[in-house]
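Whatever order the structure lists them in is the order used to number ligands and atoms, beginning at 1.
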Amino acid sequence: MSNQVQADARRPIGVFDSGVGGLTVLDAIHRALPGEDLVYLGDTARVPYGTKSPESVARYARQAALALVQRNVKALVIACNTASAVAVELLRDSYPTMPILGVVEPGAKASCEASTSGHIGIIATESTIAGGAYQAAVRRLRPSAVVHAQACSLFVALAEEGWTEGELLERVLERYLGSLQQSDAPGIDTLVLGCTHFPVLKNAIANVLGSQVRLVDSAETTAAALTELLTDSGELHPEPDRQGEIRYLVTDGTARFARVAGTFFSRPVRAEEVELIDIPQLQK
Ligand code: DGL
C-alpha cells in the first residue's frame, strides 16, 4: 500500500445527526470499527429535523456535511433518518469521490431480509414518514411487500428525557403502535426503528409488540454497511487494533449534549470534550 493511501485511510469518519440521538449510530460504528477515529456533529441548534420541511432538512444536511468535509473526513455517515431520507443523493452529487452512507437503505434492506410474511412496519419521525423514503426503499427491494408506516412524534422527546421504560412509555407506545397490528389484517412480522432515538426504546417496543415481531435497528445495520463499504474501497484504518478517538462537535448546548448523551451512547461524554462550532454557510 502506498504512503498516500495509508495516510488517507487514517483520516476520521464523519457522522452527523440533528442532535444527540445519532449517538446510537456512532455507538454501533465504534463497536464495529473500534480502530477508526470518528468525528460526530450534532446540529443541536436546529434539532428537531423531524418536523421540518424537506428543503430545510436538505440545506441543514449540506451544511453539516460541509463542516465535516472541512475537517478532512474520509467518509460521511448521515446518522439522522430524517436527513438520510432527503439528502443522500444530494450529498453524493456534491462529493462524488467520498463514500457516503445514510441509514435508510441499510435499514430497508435488513427489514426485507428479516421479514417472512412481507408485512413490514416502519416507525420514524413525521417528516421521514411523510417523505416516503423508507416505504419506497422497501418496495424497491421487495415489490410485493406490504408496508405499514407510522409517525411516532412523541418518542423522540421521551427518549431524550431518559424515559426508556415504565408504564407511561408503554401507554404511549401502545397508542402509536396499535395501528400496526390491526385485528382485521395480517400483522407485521418486522418493524424498522427508523429514527436515531428508537433503539433505546427497543426493549419497551418489543414488550408491546411481542416476540413474533423482529425489530430492525438501523444503527446496527448502518455500521455493518459502513464496514463493508470501507472494506471494499480499501479505506479501513491500516491499524485496526488501535483505539480510535472520538471528537464531538455541536452547534448549541455542550452541557446538555453531554448530559443527554448517556442515554444514547455506551460511554460517558464530558461537557469539556464537546466543541461548540458555527455551522458553515453554503456558497449557493
Ligand atoms: N435524528 C432524527 C431522526 O433520526 C430524530 C430527531 C429529530 O427530529 O431531529 O429522524
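Aromatic rings from F198 and F155 are positioned such that their centres are separated by under 6.0 Å.
A tilted orientation is assigned to the rings of Y248 and F257, their planes being inclined by 30° to 60°.
Applying the ring pair (Phe, Tyr, Trp, His ring centres under 6.0 Å) rule to Y134 yields no partners; only residues at least two apart in sequence or on another chain are considered. Every residue was checked against the salt bridge (Lys or Arg N to Asp or Glu O under 4.0 Å) condition with R175, not counting sequence neighbours, and none meets it. For R71, there are no salt bridge (Lys or Arg N to Asp or Glu O under 4.0 Å) partners two or more places apart in sequence or in a different chain.
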What does the N/O contact table under 3.5 Å look like for ligand 1?
residue, atom, partner, partner atom, Å
ligand 1, 1 (N), D17, OD1, 2.8
ligand 1, 1 (N), S18, OG, 3.1
ligand 1, 1 (N), T196, OG1, 2.9
ligand 1, 4 (O), N81, N, 3.0
ligand 1, 4 (O), N81, ND2, 3.2
ligand 1, 4 (O), T196, N, 3.0
ligand 1, 4 (O), T196, OG1, 3.2
ligand 1, 8 (O), Y49, N, 3.4
ligand 1, 8 (O), G50, N, 2.8
ligand 1, 9 (O), S18, OG, 2.6
ligand 1, 9 (O), Y49, N, 2.7
ligand 1, 10 (O), T82, N, 3.1
ligand 1, 10 (O), T82, OG1, 2.6

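When each of T231, V77, T221 is tested with L226 by the rule side chain to side chain contact (heavy atoms under 4.5 Å, CB included), just one qualifies, namely V77.
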